Student: 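I'd like to ask some things about the structure below.
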Amino acid sequence: MYRFVFTQVLSRFDPEDVHHLTVRGLRLLSVTPVVKKLVHRRLAPRDPALRVQAFGVHFPGPFGLAAGFDKDAGCVEAMSALGFSHVEVGTITAHAQPGNARPRLFRLAGDRAIINRMGFNNAGAGAAARALSRVRGVPAIVGVNIGKTKVVPESEAVQDYVASAGELAPLADYLVVNVSSPNTPGLRNLQAVELLRPLLKAVKEVADGTPKRTPLLVKIAPDLADEDVDAVADLALELGLDGIIATNTTISREGVASTETGGLSGRPVKARSLEVLRRLRSRVGDRLVLVSVGGVEDVDDVWERLLAGATLVQGYTGLIYHGPLWANRIHRQLARRMRRHGVTDLREIIGRTAS
Ligand SMILES: Cc1cc2nc3c(=O)[nH]c(=O)nc-3n(C[C@H](O)[C@H](O)[C@H](O)COP(=O)(O)O)c2cc1C
């Protein structure tokens, strides 16, 4: 049904227009108490076998919505109701900014991929804080992903992230330092350990200072060299971070025909995302929570990521191609597969094929 709607209707319109319209609809669902509760009751993960704990937070299932869809934390409840076990909002910057010029979002339907160069369009940390303080009505686990304001120079990046963290860490179930989007000039330089150390240290101080101590993760790019992946992993351990999210979009165009600039997501990033996950797991074992994202399409991918050592798995591009029941379907099929394999707790399979 969704495939028909996608090919016959949605694919004929500008992808960003469709996105804004969708988010507006979801926002409406988020503020409609009875409907959102009904949808939540039908679609949110309820099977106890799917429950998983990570950095002290109890997730109703392992599969969540990756950052970039709900940039301003406007539809957290709707996305939770649709079956995502958690919603990572953002990337949010300290100051509101418009992002790059349109067009900046491109579908590569044949490759089951997307290229985006949105450039952190968002209403800023203050507006996001107000939106998050209104979230209620259905249980929702919210990750807050923060990034650098474009006009802030690299030399002032730490203060800029700290400002966002100060506003948002108290409202987050976990906080993510995003240093891996390709659409803010210079951002990915912050992944270099000598720049990343002071940044993560400063944000961690803020996250540690909230009443419940907000867990802190860092999100990395698939384009990092293997040694740099190891270096970030070692740094995360050294600083006592809670986890790593791998991966963001890639600047590689291997296997796709489009030459649009921006970050490529979806099926073409699948293999590298899995490779980075495996590398991280072999480096850190179970000392950090690993969140795997990139090219996840179905329950087979989720299963594979769990076996490779991810405690949580996320997706975004798959939502465009598989529609609003995507997360519900993945959780239902995952529960069924667990039963078939005699698995009663996800801890029995997380990292089982890791070296
Ligand atoms: C349109 C779009 C916008 C995105 N914006 C962000 C963002 O603001 N911050 C971020 O950390 N990741 C962002 N991402 C990356 C996703 O969170 C995810 O890491 C990446 O797309 C790989 O997952 P996927 O293949 O399931 O889409 C964005 C992805 C897309 C497709």
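Model, not experiment: these values are computed from the prediction. Because only heavy atoms are used, hydrogens play no part in the values below, and waters and symmetry mates are left out as well, while side chains stay in. Numbering of ligands and ligand atoms starts at 1, following listing order.
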Student: Is Leu319 close enough to touch ligand 1? Criterion: a residue heavy atom under 4.0 Å from a ligand atom.
Tutor: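 It does not; every heavy atom stays at 4.0 Å or beyond.
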Student: Do ligand 1 and Thr247 have nitrogen or oxygen atoms that lie under 3.5 Å from each other?
Tutor: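 Min N/O separation from ligand 1 is below 3.5 Å for Thr247.
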Student: Just go through Glu297, Lys219, Arg267 and tell me whose heavy atom is the nearest to atom 12 (N) of ligand 1.
Tutor: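 Heavy atom nearest to atom 12 (N) of ligand 1 belongs to Lys219.
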Student: Assess whether atom NZ of Lys201 is packed by more than 12 heavy atoms of other residues, nucleotides or ligands within 6.0 Å.
Tutor: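 Result for NZ/Lys201: open.
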Student: Ligand 1 versus Thr317, non-hydrogen atoms closer than 4.0 Å: side chain, backbone, both, neither?
Tutor: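 Both backbone and side chain of Thr317 come within 4.0 Å of ligand 1.
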Student: Need the ligand 1 atom indices (1-based, order shown) with element for anything under 4.0 Å from a heavy-atom of Leu105.
Tutor: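 This gives 1 (C) as the contact atoms.
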Student: For ligand 1, is there an N or O atom under 3.5 Å from any N or O atom of Val293?
Tutor: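 For ligand 1, there is no N or O atom that lies under 3.5 Å from one belonging to Val293.
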Student: Can you tell me if CD on Glu254 sees more than 12 non-hydrogen neighbours from other groups inside 6.0 Å?
Tutor: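 Not buried by this count: 12 neighbours or fewer within 6.0 Å.
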Student: For Thr247 and Ser273, test the side chains for any donor-to-acceptor distance below 3.5 angstrom and give the result as yes or no.
Tutor: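 On atom types as modelled, these side chains qualify, holding a pair under 3.5 Å.
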Student: Purely on distance, is any nitrogen or oxygen of Gln314 under 3.5 Å from one on ligand 1?
Tutor: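 Checking ligand 1 against Gln314, no N or O pair falls under 3.5 Å apart.
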Student: Determine, stepwise, if the pair Asp17 / Arg102 fulfils salt bridge (charged side-chain N to carboxylate O under 4.0 Å, His left out).
Tutor: CA-CA 11 Å; Asp17 288 342; Arg102 289 177 70 166; 2.8 Å; yes
Student: If I apply the N/O under 3.5 Å rule, does Ala67 come out as touching ligand 1?
Tutor: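 N/O-N/O distance below 3.5 Å exists for this pair.
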Student: Considering only distance and modelled atom types, tabulate donor-acceptor pairs under 3.5 Å from the side chains of residues 216-228, sequence neighbours left out.
Tutor:
unit_1, atom_1, unit_2, atom_2, d
Asp223, OD1, Thr250, OG1, 2.4
Asp223, OD2, Ile251, N, 3.0
Asp226, OD1, Arg272, NH1, 3.1
Asp226, OD1, Arg272, NH2, 3.1

Student: Check which hydrophobic residues are tied to Leu38 through side-chain heavy-atom contacts below 4.5 Å, counting indirect links as well, and list them.
Tutor: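 So far as hydrophobic clustering goes, Leu38 is joined with Val34.
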Student: Identify which one of Thr184, Thr93, Thr91 satisfies the side chain to side chain donor-acceptor pair (under 3.5 Å) criterion when paired with Asn178.
Tutor: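 Result for side chain to side chain donor-acceptor pair (under 3.5 Å) with Asn178: Thr91.
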Student: Mark up the atoms of ligand 1 that fall under 4.0 Å of a heavy atom belonging to Lys71, in ascending order.
Tutor: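 Once the distances to Lys71 are compared, the set is 5 (N), 7 (C), 8 (O).
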Student: Is it true that Gly266 lies under 4.0 Å from ligand 1, counting heavy atoms only?
Tutor: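 In this structure, Gly266 qualifies as a contact of ligand 1 - some heavy atom is under 4.0 Å.
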Student: Return a yes/no value for Thr91: is any of its N or O atoms, backbone included, closer than 3.5 angstrom to an N or O of ligand 1?
Tutor: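 Yes - when backbone and side-chain N and O of Thr91 are compared with those of ligand 1, one distance drops under 3.5 Å.
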Student: Do Val179 and Val269 belong together in a cluster built from hydrophobic side chains that touch within less than 4.5 Å?
Tutor: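 Different clusters: Val179 never reaches Val269 through Ile, Leu, Val, Met, Phe, Trp or Tyr contacts under 4.5 Å.
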Student: Do any heavy atoms of His19 fall under 4.0 Å from ligand 1?
Tutor: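 Contact check His19 vs ligand 1: negative.
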Student: State the atoms of ligand 1, each with its element, that fall below the 4.0 Å cut-off from a heavy-atom position in Thr249.
Tutor: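 Near Thr249, the atoms of ligand 1 are 15 (C), 20 (C), 21 (O).
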Student: Only heavy atoms of Gly295, strictly under 4.0 Å: list the atoms of ligand 1 that pass.
Tutor: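 Ligand 1 atoms under the 4.0 Å threshold to Gly295: 24 (P), 25 (O), 26 (O).
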